[in-house]
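One structure is given below, encoded as C-alpha cells.
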Amino acid sequence: MSDAQTLRPKSQSRFIVVISELMRRPRAAFGMAVIMVMVFGAVFAPLIMPHDPFEQSFDGLDLMGGPLPPGGDYLLGTDLLGRDLASRLILGTRTSLIIGLVANGIAVILGASVGIAAGFFGGWTAAILMRFTDLMMAFPALLLAIVLAAIFQPSLMIVALVIAMVNWVQMSRVIYTETRSLAEREFIQVQRAIGSSSLRILGKHLLPHLLSSIVVFGTLGISTTVLLEATLSFLGVGVQPPMPSWGNIIFENQTYFSTAPWLVFIPGLLIVLLALAFNLVGDALRDILDPTLKGRHG
Amino acid sequence: MSGYLVRRLIESALILLGITFVTFVLLYMVPADPARQIAGRSATAETVANIRDQLGLNDPLFVQYFRYLGNLLQGDMGRSYLQRAEVADLIAARLPASLLLMVSAIVTELILGLTIGVVAALRRNRPADHTLMIFSFVSISAPQFVIGILLLYVFSVQFGWLPIGGYGTFAHLILPSITLGFLGAGWYSRMMRSSMIDVLEQDFVRTARAKGLSRLHIITRHVMPNAILPVIAMIGIDIGLFMSGIVVVESVFGWPGIGQLAWQAIQRVDIPVIMGVTMVSATAIVLGNLIADLVAPLIDPRIKTK
C-alpha cells in the first residue's frame, strides 16, 4: 500500500504518527520487523543466496541419493534434487511478496472501486454490483481459484490475477457499507446541494474518509493472498517449478515429509510468519486508525 | 419476517442460478478437449469427433448451458466423463464423509475457540490473554496443509498414535477435524473474547455483582449465555470456509469426501464432476449464509429484517 503517498501532503505527519504508534505495540512491531526482513531478503536475494537455487548439485545429495539435512555447507539442507534449500527459500520470498503485493493491489483497487461506485451512486448501479458481489461470495473460493488456474496456464502474473479475482469481494463489501453511510451524512449532502461534481466529492470528501478502511483491509488482505498463493502452489496449480515458491517447495517434497521434515516445515514456518506479520500489523492499524473499534478486536 | 424470508429465498435461488452460469462459462473455456480425454490418446480423430457429437459439445454455449440447466432442475447433474457413473451418485457416495468431517470440525473449533475466548476475556490484558491471542493470530495465519502435515508428522510418524490417513474409525477422524477446525478456532476465540468483554461491561452484570452473586455464577449464568449467541450465529458462514478447506484437508489426509472428488476431477478435467461439486458447495454456502441471516434477528432483536 502506498499510504505514504496517498496521505500526503497535509497529513504526512499523520503517517509518521501511525508508524510510531505501530512500533510502540509489541505485536505490530514484531510484524513490521518480519516484513522488513522478508522485503530485504526479496530485494537483495541474488546477493545473499549462498548457492545457485536452480543448481542440482551432486554434493547436495547424500550417498544414498537423498537430501541433506540442515547444517554444514548447506545451512538449511538440500531438497530431493540436491538444490540448496536456503537459496530457494530466499528466492521464494520474492514470489510470495510479489504475488502478495500485485494480487492484493489489484484486489484492493477493484474491490474499493466497486464498493465506492455502488455506495455512492446507489440505485441500479448498486443493485447490479452488489448482487454480483453476493454471487462471488457464494463461490467456494479455493475451488474457483483452482479452476481458473487450471484454465489459464499458471504463470506468476496469472496466479496473481486469479487470487485478485477471488479476493476483491471482501473489500468491496466493507467499502460499500461505509460509502453508503457516508453518502448520507450532511457534509456530503452539502457538497451535492452546492453542485460539486461527483468526481470532486469522491476524491476530496469521500476517499479521505475511506482511506483508513482501505489501508486496514488492504494490509489484512496481503495475509489472505500469501496463504492462497501457498495453497495453490501446494496443490500444484500455483507458481510452477523450477521457479521456487514456499508453497511449491512443500508440494515438491511433501511425500518425503517423514524422512526429510525440514523440506516441509521450514517453508511452512516462513508462510506462517509472513501471513502472521501482515495480520498483526493490519490488526494494529485497525486499532490505531479506527478508535471506535478499540478493544473489541485486540 | 415471512416477507423477508421469501425475499431471501428468491435472492438465494437467483445467486445459485448465476453461479451455474458463471461456472459453466468458465469450464467451457477450459482448453482441454473432453472428448479426447474420454477417447484416450490412441483414439482416431473420427472417434473423438463422434464423442464430441454425442455429448453435444459442438452446440453453441447457450444451447449447452440451457440443456445443462434443464437437466439440473430435474436433479440430473450429468455423467462423469472419466468414471462410468452419474455425477449425482458420485457426490452422494462421497457427501457423508465430508459432512462427518465438517460436523466434527465445527465441534472442534467451537470447543477450542470458545474456551480460549472465555479464558482470554476473563484474564483480559494479562499474560494468559496475550499468549492465547498470539495463538489465535497464528491459527488464522497458518495454511491448512502445513497444519495437516505437522499433525501427521507429530502424531502419526513420531509417536505413531494415530493413523497416517484414510477413513473408517474415530482415530482417522481426529487429525483431519483439528486441521479443518484450526482456522475457525482462531476466529471464534477472538469473537468470543470481544463478545465476553462487551457483556462483562453491561449494566446487568454490575447489578448481578451488586446482588452479591458469586463470580462463577455470574460468569456461567449471566455472561456466557449472552456472549455465546452472537458467536454461534456465525456457524452458517463457516460453511463457506469449510467448502474451500476440505479440498486441501481431504487431499492431505486421503479423506474420501467431495473435496477429494473435486480435486481429482480438476486434475483430470472431468467437467461434469467439477460442475457438480461446485454447485453442491455453492448451495451449501448460500444455505449457510441464509441460516446465519435468519438466525441473527432471532438472537438480537435489534437487527431489523426489513
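Lettering of chains follows the sequences in order, A, B, ..., and the numbering in each one begins at 1. All of these numbers come straight from a predicted model, not from anything done at the bench.
- At a threshold of 4.5 Å between non-hydrogen side-chain atoms, the residues A:I266 and A:I249 do not count as touching.
- Residues of residues 260-272 of chain B lying within less than 4.5 angstrom of chain A, judged on heavy atoms, are B:A262, B:W263, B:I266 in numerical order.
- By number of non-hydrogen pairs under 4.5 angstrom with chain B, the leading residue of A:L273, A:I146, A:V147, A:L274 is A:I146.
- Contacts of B:I15 with chain A are made by both backbone and side-chain atoms, with heavy-atom separations under 4.5 Å.
- Listed for the B:S244 side chain is a donor-acceptor partner under 3.5 Å among the backbone atoms of A:L142.
- Comparing B:V22, B:T23, B:I19, B:L27 by how many heavy-atom pairs each has under 4.5 Å with chain A, the most go to B:I19.
- Both the backbone and the side chain of A:L235 come within contact range of chain B, with heavy atoms under 4.5 Å apart.
- One finds no salt bridge joining A:R180 and A:E184 here, because no Lys/Arg side-chain nitrogen approaches an Asp/Glu carboxylate oxygen to under 4.0 Å.
- By the 4.5 Å heavy-atom criterion applied to side chains, B:L72 and B:M275 are not counted as neighbours.
- The ring of B:Y68 has its center no closer than 6.0 angstrom to the ring center of B:F21.
- Residue A:L144 touches chain B through its side chain alone, counting heavy-atom pairs closer than 4.5 Å.
- Donor-acceptor pairing under 3.5 Å is lacking for the side chains of B:S136 and B:Y188.
- The main-chain N or O of B:A227 is found under 3.5 Å from a side-chain atom of B:S195 such that the two form a donor-acceptor pair.
- When only modelled atom types and interatomic distance are considered, A:T224 and A:N167 share no side-chain donor-acceptor pair under 3.5 Å.
- The part of B:I274 that comes within reach of chain A is its side chain, from C-beta onward, which places non-hydrogen atoms under 4.5 angstrom from that chain.
- Of the listed residues (A:G247, A:S258, A:A277), the greatest number of heavy-atom pairs within a distance under 4.5 Å of chain B belongs to A:S258.
- Within 6.0 Å of atom CD in A:E178, more than 12 heavy atoms from other residues, nucleotides or ligands are found, so the atom counts as buried in its surroundings.
- Counting heavy-atom neighbours within 6.0 Å of B:R8 CZ, excluding the residue itself, gives a total above 12.
- In terms of non-hydrogen atom pairs under 4.5 Å with chain B, the most contact-rich of A:P140, A:A275, A:G268, A:A145 is A:P140.
- Taking a cutoff of 4.0 Å between a charged side-chain nitrogen and a carboxylate oxygen, B:R190 and A:D283 qualify as a salt bridge.
- Counting non-hydrogen atoms of neighbouring residues, nucleotides and ligands closer than 6.0 angstrom, the CZ atom of A:F265 exceeds 12 such neighbours.
- Looking only at side-chain heavy atoms (C-beta outward), B:V252 and B:T179 stay at 4.5 Å or farther from each other.
- Neither the backbone nor the side chain of A:M136 has a heavy atom closer than 4.5 Å to any heavy atom of chain B.
- When heavy atoms are compared at a cutoff of 4.5 Å, A:V237 approaches chain B solely by way of its side chain, counted from C-beta outward.
- Your options are B:V138, B:V286, B:L150, and the one with the most heavy-atom pairs under 4.5 Å with chain A is B:L150.
- Residue contact with chain A, scored on non-hydrogen atoms closer than 4.5 Å, involves the backbone and the side chain of B:I140 alike.
- Residues of residues 151-161 of chain B placed with any heavy atom under 4.5 Å of a heavy atom in chain A are listed by number as B:L152, B:Y153, B:V157.
- With a 4.5 angstrom heavy-atom cutoff, B:T278 touches chain A via backbone and side-chain atoms both.
- In this structure, B:N289 and A:D134 have side chains that are not in contact, with every pair of non-hydrogen atoms separated by 4.5 Å or more.
- Under a 4.0 Å N-O distance rule, the pair B:E250/B:R94 does not qualify as a salt bridge.
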| query | Can you check side chain to side chain contact (heavy atoms under 4.5 Å, CB included) on B:V146 and A:F234, steps first, answer last? | reply | CA-CA 10 Å; B:V146 172; A:F234 167 74; over 6 Å; no

